[in-house]
Colleague: 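To start, I am sharing the structure in question, which I have written as structure tokens.
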Amino acid sequence: MAVPVRVRFAPSPTGHLHVGGARTALFNWLFARHHGGVLIVRIEDTDRSRSTEENIGHIVEALAWLGLDWDEGPPAAGYRQTERFDLYRAHAERLRAAGRAYYCDCPPEELDRQRKVAEARKETFRYSGRCRERGLEAGALRLRIPDEGETVVRDLIHGVVTFERQQLDDWILVRSDGTPTYNFCVVVDDVTMRITHVIRGNDHLSNTPKQVLCYDALGYAVPEFAHVSMILGADRSRLSKRHGATSVQAFRDAGVLPEAMVNYLARLGWSHGDQEIFSRDELIEHFDIKDVSSSGAIFDQAKLEWTSQHYLKTIDGARLAGLLEPFVRAAGLTPPADRGRLAAMADTLRERAKTLKEMAEAGRFYFERPAAYEPVAARTLLTAEGARRLQAIIARLEAEPSFTAGALEAIHRELAAALGLKLVDLAQLSRIAVTGRTASPPIFEVLALLGREESLVRLRAARVACAGS
RNA sequence: GGCCCCAUCGUCUAGAGGCCUAGGACACGGCCCUCUCAAGGCUGAAACACGGGUUCGAAUCCCGUUGGGGCCA
């Protein structure tokens with residue numbers, strides 16, 4: 001491998017990290033790691049009005065949460081466009097001195113007028129080139145591009161994409177107020193950072209020929225490009241807030257595991273045979289940019305939840321307990337001080353929840369006594385007869401020395417047989433008494449985890465709550 | 001409006017001319033398991049946008065149409 005791979009992820013800090021951005025970052029990261037290359041994070045903050053320090057923090061935090069590390073970039077200095085203006089100015093000057101760029105003082109109103117005329121004639125607007133040979137000393141700096149021929153973009157995902165130069169024009173590198181334009185900054189940055197592969201969103205494909213022309217004018221080799229399709233909402237339009245949660249942070253706060261997010265995002269538009277679940281190492285091993293789909297992909301919340309649940313089911317118990325704890329607190333509950341005990345509780349919950357948030361809610365009864373009983377079930381279960389049955393259960397449990405799930409189940413079974421009932425009759429009674437609900441983890445495990453004392457308190461309370469008692 | 005990209009089940013996709021009476025996964029239905037709910041197992045329904053070519057043969061190649069998305073401001 002002659003040239004080491006150098007890729008970059010270049011977010012604009014105008015908001016939280018969007019899942020589309022996260023996927024682009026992931027693909028860059030996977031590409032870099034697969035090839036043993038370097039990933040650079042660059043902050044594109046030239047839009048000062050919308051870029052904030054806070055957002056940079058959010059993006060960095062979200063990347064870290066996803067486990068995507070970078071080799072160059074923040075917090076080191078020099079990786080923000082606002083810190084690189086000297087570089088842009090120097091390159092602009094070089095182009096101007098070499099005659100590859102020239103100043104233009106055409107008033108914007110005139111340009112607008114021409115644009116409207118072109119539009120009315122159903123033509124592509126092109127700058128007339130009026131100032132090309134005027135030798136102006138100031139104004140907006142335009143790139144002089146060849147009039148004829150075509151500019152070809154070789155894309156690793158789309159193949160060869162051809163653009164007629166007739167459709168392109170002498171675009172503005174630096175505005176008359178001295179600020180460099182987006183496309184110019186990107187080229188200068190990618191060149192000076194020695195980027196070998198530009199992996200970015202499909203929305204930039206149309207800008208690429210302009211950039212290629214700029215590389216040419218600067219005398220630099222054009223990098224490889226890979227334009228990744230966009231993530232769409234259910235209506236096939238670009239995924240945005242109105243489609244629901246779109247920021248990585250929102251999914252983190254909902255309690256989706258980072259490995260689930262990474263797995264889901266990787267499989268959205270990329271595949272490796274029929275495999276659905278990939279470990280981080282498998283992703284790195286199998287990832288090939290050529291396998292990335294060229295068509296847009298709809299973000300499917302249901303599949304993300306399935307992926308999330310898969311990881312919840314398989315994650316290490318101790319780690320699960322650690323991750324669950326803040327969600328329990330966020331639900332206004334107090335988790336047990338004993339982490340092992342929390343892990344045991346989480347163990348009974350893990351295949352019943354799609355997110356950590358759901359898990360905390362589903363396990364609410366572990367941390368507090370039921371404040372109420374599910375009304376419909378209470379009406380049929382917590383009756384005078386229910387009270388008698390509860391009393392029978394209580395009597396047996398009071399005498400039971402071994403409070404294990406196995407023993408508790410045996411007790412319920414024996415009692416049911418003795419009373420001429422089915423196990424479900426007593427199990428549901430205990431369940432609503434202890435959890436307040438009709439659905440919960442296996443009730444005997446719940447009782448065992450709660451312990452004799454707490455279980456009995458709740459069973460007695462339910463007996464008292466029975467109608468006619 | 002011009003240019004560019006895209007098009008296999010509802011969704012993510014496998015498929016790189018014969019292996020396809022189109023496979024997997026999510027979601028959905030049924031059955032089984034079962035103390036509830038889940039999870040799990042089995043199973044069902046569900047797609048090559050349309051029209052032309054090329055070829056002995058096309059989901060796969062070419063052209064067009066339609067539809068969607070993006071860029072330009």
Side-chain angles (χ1 to χ4, degrees), chain A residues 108 111-112 114-127 151 153 155 157-159 161-169 171 182-183 201-210 227-239 264-277 290-310 312-314 348-354 358-359 362 374 377 381 405 408-409 412-413 416 421-432 434-435 437-447:
Chain A
L111 264 16
D112 266 356
Q114 290 177 13
R115 185 172 290 116
K116 290 206 178 79
V117 170
E119 219 162 272
R121 299 218 309 251
K122 303 192 175 186
E123 285 170 5
T124 301
F125 166 74
R126 288 181 88 223
Y127 171 63
T151 290
V153 174
D155 190 282
I157 294 170
H158 297 281
V161 183
T162 305
F163 297 82
E164 293 287 332
R165 297 227 178 94
Q166 308 270 355
Q167 299 296 332
L168 278 14
D169 68 355
W171 56 285
Y182 172 78
N183 284 306
N202 205 208
D203 46 345
H204 288 110
L205 183 52
S206 299
N207 288 326
T208 309
K210 295 165 86 171
H227 288 92
V228 177
S229 69
M230 323 229 65
I231 296 184
L232 279 22
D235 60 359
R236 295 214 142 264
S237 71
R238 190 191 194 132
L239 187 70
Y264 175 72
L265 253 19
R267 272 294 284 105
L268 190 61
W270 172 82
S271 61
H272 179 70
D274 284 341
Q275 193 171 344
E276 293 289 345
I277 299 299
K290 290 184 190 68
D291 295 329
V292 173
S293 169
S294 50
S295 54
I298 293 175
F299 189 85
D300 184 356
Q301 177 81 23
K303 185 151 184 187
L304 169 63
E305 286 175 352
W306 172 80
T307 309
S308 176
Q309 180 167 37
H310 170 84
L312 248 19
K313 282 189 301 190
T314 53
T348 70
L349 261 12
R350 62 201 309 167
E351 58 191 33
R352 301 180 163 71
K354 297 187 177 77
E358 269 188 29
M359 190 178 280
E374 266 181 33
L381 256 22
L408 291 163
E409 177 169 352
H412 278 73
R413 281 191 189 280
L421 298 168
K422 284 183 284 190
L423 177 59
V424 64
D425 297 319
L426 293 186
Q428 281 303 76
L429 197 53
S430 288
R431 191 185 318 279
I432 193 155
V434 170
T435 71
R437 304 172 182 181
T438 53
S440 81
I443 188 59
F444 310 116
E445 287 179 42
V446 171
L447 288 167

Colleague: Under 4.0 Å between any heavy atoms, over every strand shown, what does A:S440 touch: base, sugar-phosphate, or nothing? Just pick one.
Modeller: base
Colleague: Looking across every strand, which nucleic acid part, if any, lies under 4.0 Å from A:R350 by heavy atom: base, sugar-phosphate, or nothing?
Modeller: nothing
Colleague: So what does A:G201 touch, heavy atoms closer than 4.0 Å: a base, only the sugar-phosphate, or nothing?
Modeller: nothing
Colleague: Base, sugar-phosphate or nothing for A:R236? Non-hydrogen atoms, less than 4.0 Å.
Modeller: sugar-phosphate
Colleague: Under 3.5 Å, side chain of A:R413 to main-chain N/O of A:L423, donor-acceptor pair present?
Modeller: no
Colleague: Counting the atoms with a prime plus P, OP1 and OP2 as sugar-phosphate, which does A:K422 contact under 4.0 Å by heavy atoms, base, sugar-phosphate, or nothing?
Modeller: nothing
Colleague: Between which nucleotides of RNA chain B, read 5' to 3', does contact with chain A run, using atoms under 4.0 Å from its heavy atoms?
Modeller: B:G1 to B:A73
Colleague: What is the nucleic acid contact for A:F163, judged by heavy atoms within less than 4.0 Å: base, sugar-phosphate only, or nothing?
Modeller: sugar-phosphate
Colleague: Quick one: label A:Q167 by what it contacts on the DNA or RNA (base, sugar-phosphate, nothing), any heavy atom closer than 4.0 Å.
Modeller: sugar-phosphate
Colleague: Please work out if A:T438 contacts a base, only the sugar-phosphate, or nothing of the nucleic acid, heavy-atom cut-off 4.0 Å.
Modeller: base
Colleague: Determine the contact category for A:S295: base if any of its heavy atoms lies under 4.0 Å from a base atom, sugar-phosphate if only primed atoms, P, OP1 or OP2 are that close, otherwise nothing.
Modeller: sugar-phosphate
Colleague: For A:S229, report the nucleic acid contact type (base, sugar-phosphate, nothing); a contact means any heavy atom under 4.0 Å.
Modeller: nothing
Colleague: Base, sugar-phosphate or nothing for A:R115? Non-hydrogen atoms, less than 4.0 Å.
Modeller: sugar-phosphate
Colleague: Using the P atom as the reference point in each nucleotide, state the distance between B:C42 and B:C63 in Å, no decimals.
Modeller: 44 Å
Colleague: Could you check whether A:Q309 gets within reach of a base, just the sugar-phosphate, or nothing at all, counting any heavy atom under 4.0 Å?
Modeller: sugar-phosphate
Colleague: Please report the C-alpha distance between A:K303 and A:R267 in whole Å, then the side-chain angles of each, then the deciding distance to 0.1 Å, and finally whether the side chain to side chain contact (heavy atoms under 4.5 Å, CB included) criterion is met.
Modeller: CA-CA 10 Å; A:K303 185 151 184 187; A:R267 272 294 284 105; 4.1 Å; yes
